[in-house]
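Okay, so here's the structure we're looking at.
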There are 2 protein chains.
Amino acid sequence: MTALDSDDLAAPATIEEFRERLAAISEGLPRRLRQCADHIAANIDRIAVSTVAELAAGADVPPSALMRFCQILGYSGFSEMQKLFRDAYSPGFPDYSTRLQNLKDGGTGTPSALLGEFIEAGRLSLEALAKSADEAALAQAVDLLSAADTIHVIGLRRAFPVAAYLAYVFDKMAVPAMLHEGTGKLDHRHALRPGDAVLAITFAPYSEETIALAQDARARGLPVVALTDRITSPLARASDAILTVPEVDFGAFRSLSATLALAIALAVAVGSVRG
Amino acid sequence: MTALDSDDLAAPATIEEFRERLAAISEGLPRRLRQCADHIAANIDRIAVSTVAELAAGADVPPSALMRFCQILGYSGFSEMQKLFRDAYSPGFPDYSTRLQNLKDGGTGTPSALLGEFIEAGRLSLEALAKSADEAALAQAVDLLSAADTIHVIGLRRAFPVAAYLAYVFDKMAVPAMLHEGTGKLDHRHALRPGDAVLAITFAPYSEETIALAQDARARGLPVVALTDRITSPLARASDAILTVPEVDFGAFRSLSATLALAIALAVAVGSVRG
DNA sequence: GTAAAAATGGAATAAATATTCCAAAACGCT
DNA sequence: AGCGTTTTGGAATATTTATTCCATTTTTAC
């Protein structure tokens, strides 16, 4: 009895069943077959129009591994499995804009409609960022942060996710960084040492703690990089480099797509200069 | 000069062009070829998943007639024509891997170039989300979370920014929610009470703490909603609703645009159901 | 009605694709 | 480390599918 023949039940006859089976078995699969499961799962909508060789290449396994995988799922082979997806292949061409329209048309207030709105908001933000990005400011920000000993990242409330992600990326790239959280009303201001730099993130309504930390750092002669929403932000006068992000709000909530894109680009650039 | 070689222009390169060409030529075609044109026109969305023999049978002509028809349209044969429809099914993906490669190689690029790549990655992720979003799963997730007393949000490492943002949004909407952080190896598992629900977020490589919390909740009969990268995720079997996000990650660098869009949509939908 | 041109069907062939099989490698167990 | 078991890669084969070719039929023009 092996992992391969432990599941010789009937083959899934619907796509829903297929998904379930996939999720159920992929747990205890050996390496190559696991790759098949993952790639298939991630490209379920391409099975109908792909060949064994194409899918195998995508999963980075030999074709025979993919054949085995189909058989573990209960099919006689790839063709039988593919038939399920070819028969079910009804949707015309879900090109992005029509599908997005569908998501929105689901009636206002439904989750799908909301999702459509947020996707669109994110897309618009990214496009606006592409147009408005200030290369000089970005380059300067990279210079300042690359030269620093430790980078102090601060962002609270809605800027906190961005700060947290920056801290994560810096950590992964082995860049010394410290995430300042507002917990317990401690501002950890003593952690700022000569040679360090501050990366402050805040959006309207601006968080006082963030501004205070930036000003404090500035007063001690440390460089401050600001990631904010407009150049008239209170952070502007306390910063040596100011990066602005045009984020589109939908309702009361901001998508953060553009902010994160800019943040990662900044972090990776700093990481590669240092590395 | 015959009807067959009267139109040896370049083959249509887009589906739009294809439709136009079809309409333009079908007028003056002999009987069998006319049948081909009619059947193709009526089944344009099945070209990608059909064989010559199948389409020919549908049009009630021999395969050779259909081959001729493809050639009249300007293609070298059926396969070339079919390729148009197979590729068109997932536009944007062809050059996706090239972009990914650029991003990996681009460590030497300028910060602005990096920013451009991340913007593009975010944009593609959002488009993919628009195409692949599972409306049923989303609706179910909203139901489960709306009915809960307290929503426990957990996401660590790179999923932490998403969890943090969800916690922020829930808080703003006055939805009782608790953000579980892994700090101090405390898992706060005792905080799970009957009537609560868990919203777990994790991406490969999956964080054990997150999975453990989800399993624990499930074992106690609490509903679990998963936000993850593929349905083969280890979270899948511990979840009552599973939302997947097509976000490609480059080592430590994941754009999160699509993930955040989905997360906010979920949170806002839950908030509005609760009133 | 006849001859030339066009269109057609089906059999033959070529190409692509799926599938099997087995030797070699990796793994797990004592 | 040594042995039996599981997993793997790739070459060999089988099958399906696309494509060409040409003899035959149909159409057209006079």
Side-chain angles (χ1 to χ4, degrees), chain A residues 1-8 11 25-40 43 46-87 89, chain B residues 1-8 11 18 25-40 43 46-87 89 232:
Chain A
M1 185 60 95
T2 95
L4 282 88
D5 52 14
S6 59
D7 254 285
D8 46 3
I25 66 156
S26 62
E27 198 90 358
L29 243 36
R31 190 164 129 263
R32 288 281 113 110
L33 295 175
R34 188 71 205 276
Q35 284 172 247
C36 291
D38 285 348
H39 186 253
I40 290 282
N43 296 72
R46 293 190 56 82
I47 296 175
V49 296
S50 300
T51 65
V52 172
E54 283 164 1
L55 286 173
D60 198 26
V61 300
S64 50
L66 207 119
M67 288 303 302
R68 262 193 296 273
F69 180 75
C70 296
Q71 287 161 355
I72 287 171
L73 249 32
Y75 301 99
S76 68
F78 175 75
S79 299
E80 190 177 299
M81 180 177 107
Q82 189 178 49
K83 183 169 187 306
L84 170 64
F85 292 91
R86 289 197 163 171
D87 290 348
Y89 177 102
Chain B
M1 186 61 96
T2 96
L4 283 87
D5 50 16
S6 60
D7 254 286
D8 46 5
F18 183 89
I25 65 157
S26 64
E27 201 83 1
L29 242 36
R31 190 164 129 265
R32 290 279 114 113
L33 295 176
R34 188 70 196 274
Q35 285 172 246
C36 291
D38 287 349
H39 186 252
I40 290 283
N43 296 73
R46 295 208 61 80
I47 296 175
V49 295
S50 300
T51 67
V52 172
E54 284 164 1
L55 287 173
D60 199 27
V61 300
S64 50
L66 208 123
M67 288 303 301
R68 263 194 294 276
F69 180 74
C70 296
Q71 286 161 354
I72 287 170
L73 249 31
Y75 301 99
S76 69
F78 175 74
S79 297
E80 190 177 298
M81 182 177 104
Q82 189 179 47
K83 184 171 188 303
L84 170 64
F85 292 89
R86 289 192 166 177
D87 290 349
Y89 181 62
T232 55

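By convention in this document, chain letters (A, B, ...) are assigned in the order of the sequence lines, proteins followed by strands, and residues within each chain are numbered from 1.
Atom pair B:R32:CZ and D:dT25:C1' shows a separation of 12 Å (rounding to whole Å applied). In this structure, A:M81 atom CE and C:dT19 atom P are separated by 10 Å, rounded to whole Å. Whole-Å rounding puts the B:Y75 OH to D:dT20 C1' distance at 21 Å. At whole-Å resolution of the value, CD in A:E54 and C1' in C:dA18 are 13 Å apart. What separates CZ of B:F69 from C1' of D:dA18 is a distance of 17 Å, to the nearest Å. Rounded to an integer number of Å, the gap from A:Q35 CD to D:dT8 C1' is 11 Å. Rounded to a whole Å, the CG atom of B:L55 is 9 Å from the P atom of D:dA18. We find that CD1 of A:I72 is positioned 12 Å from C1' of D:dT6, with the value rounded to whole Å.
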Requested in this report: Please lay out, stage by stage, how B:R68 and B:Q71 fare under the test side-chain hydrogen bond (donor to acceptor under 3.5 Å, both in side chains).
Outcome: CA-CA 5 Å; B:R68 263 194 294 276; B:Q71 286 161 354; over 6 Å; no
Query raised in the report: Passes side chain to side chain contact (heavy atoms under 4.5 Å, CB included), B:F69 versus B:L29? Steps please.
Result: CA-CA 10 Å; B:F69 180 74; B:L29 242 36; 4.1 Å; yes
Requested in this report: Could you check B:L33 against B:I25 for side chain to side chain contact (heavy atoms under 4.5 Å, CB included), going step by step and ending with a plain yes or no?
Outcome: CA-CA 10 Å; B:L33 295 176; B:I25 65 157; over 6 Å; no
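Heavy atoms of B:A53 sit under 4.0 angstrom from primed sugar atoms or phosphate atoms, though from no base atom.
Under 4.0 angstrom from either OP1 or OP2 of D:dT17 there lies no side-chain N or O belonging to B:Q82. Distances shown here put every side-chain N or O of A:S64 at or beyond 4.0 Å from the OP1 or OP2 atom of C:dT19. For the pair A:Q71 and C:dT19, the criterion of a side-chain N or O lying under 4.0 Å from OP1 or OP2 is not met.
Residue order along DNA chain D, read from the 5' end via each residue's closest nucleotide, puts B:S76 first among B:R31 and B:S76. Heavy-atom distances to DNA chain C give each of B:P62 and A:M67 a nearest nucleotide, and the one nearer the 5′ end belongs to B:P62.
Here A:I47 contributes atom CD1 and A:Y89 contributes atom OH; the two are 13.5 Å apart, rounded to the nearest 0.5 Å.
Distance from the side chain of B:S79 is smallest to D:dA18 among C:dT17, D:dT8, D:dA18. Here D:dT19 is the nucleotide among D:dT19, C:dT17, C:dT8 with the atom lying nearest to any side-chain atom of B:P63. The side chain of A:R68 has D:dT8 as its nearest neighbour among C:dG9, C:dA18, D:dT8.
Summarising the geometry of A:G74 relative to A:E80, their closest heavy-atom pair is O-OE2, 4.5 Å, with the distance given to 0.1 Å.
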